[in-house]
Amino acid sequence: QVQLVESGGGLVQAGGSLRLSCAASGRTFSSYAMGWFRQAPGKGREFVAAINWSGARTDYADSVKGRFTISRDNAKNTMYLQMNELKPEDTAVYYCNAIRLRIGVGQEDFWGQGTQVTVSS
């Protein structure tokens, strides 16, 4: 079991920056691939960024490429999302996700409770 707690959300003006953090419990954090998703009012949850277990591989949604950076510190059991050049359309609740595939067990998938990001124009 992994518990995820996001922090760092808030209100920021367009063009500003925020850094989200996702703190994970447990001693198996480094065995999980991690990701950020977001959900705007009235819309479905969408992929934002992902990072593999070691941090060597990352992936981004086209809408955030060049503006957002995902990273992780396995020694601190924490994942980050640095968000620069924020736009009003980035306004959403941001969720942290941990996922791994265990042989004989199947997929394990955990979510945080979310943190609100609001970008004013």
*Taking the side chain from Glu46 and the backbone from Arg38, do they hold a donor-acceptor pair closer than 3.5 Å?*
no

*Is a donor on one side and an acceptor on the other found under 3.5 Å between the side chain of Arg72 and the backbone of Asn52?*
yes

*To the nearest 0.5 Å, what is the distance between OG1 (Thr115) and CG (Leu81)?*
11.0 Å

*For Gln3, does the CD atom sit with more than 12 other heavy atoms under 6.0 Å from it, leaving out its own atoms?*
no

*Quick one: CG on Asn97 to OH on Tyr32, what's the gap to the nearest 0.5 Å?*
10.5 Å

*If every non-hydrogen atom of Ala24 is compared with every non-hydrogen atom of Leu4, which pair is closest and at what distance?*
CB-CD2, 3.7 Å

*Can you hop from Val48 to Ile99 via hydrophobic side chains spaced under 4.5 Å?*
no

*From Thr28 OG1 over to Arg102 CZ, what is the distance, rounded to the nearest 0.5 angstrom?*
8.0 Å

*Could you tell me the separation between the OG atom of Ser31 and the CG atom of Leu101, rounded to the nearest 0.5 Å?*
11.5 Å

*With the 4.5 Å side-chain cut-off for hydrophobic clustering, are Phe47 and Val93 part of the same group?*
yes

*Determine whether Phe110 and Phe29 fall in the same hydrophobic cluster, where Ile, Leu, Val, Met, Phe, Trp and Tyr are linked whenever their side-chain heavy atoms lie under 4.5 Å apart.*
yes

*With sequence neighbours excluded, give me every ring-ring contact (aromatic ring centres under 6.0 Å, His included) pair touching residues 65-109.*
none

*Using atom types as modelled and distance alone, determine if a side-chain donor or acceptor of Glu85 lies under 3.5 Å from a backbone N or O of Arg67.*
no

*Quick one: does Thr91's side chain have a donor or acceptor within less than 3.5 Å of a partner on Val119's backbone?*
yes

*Do side-chain atoms of Gln39 reach the backbone of Ala92 as a donor and acceptor pair under 3.5 angstrom?*
no

*asked:* Do Val12 and Trp36 land in one hydrophobic cluster if side-chain heavy atoms of ILVMFWY residues count as linked below 4.5 Å?
replied: yes

*Euclidean distance, Asp59 CG relative to Ile70 CD1, rounded to 0.5 Å*: 9.5 Å

_I need the Glu6 CD to Cys22 SG distance, nearest 0.5 Å._
5.5 Å

_Other residues, nucleotides, ligands: >12 heavy atoms within 6.0 Å of Gln107 CD_ = yes

*In terms of hydrophobic clustering (I, L, V, M, F, W, Y; side-chain heavy atoms under 4.5 Å; direct or indirect links), are Val117 and Phe37 co-clustered?*
no

*Salt bridge present between Asp90 and Lys87 (N-O < 4.0 angstrom)*: no

*Take Arg100 and Trp53, measure what side-chain contact (heavy atoms from CB on, under 4.5 Å) needs, and give me the verdict at the end.*
CA-CA 9 Å; Arg100 72 176 179 181; Trp53 70 273; over 6 Å; no

*Please answer whether the main-chain N or O of Pro88 pairs with a side-chain N or O of Ser121 as donor and acceptor at a distance below 3.5 Å.*
no

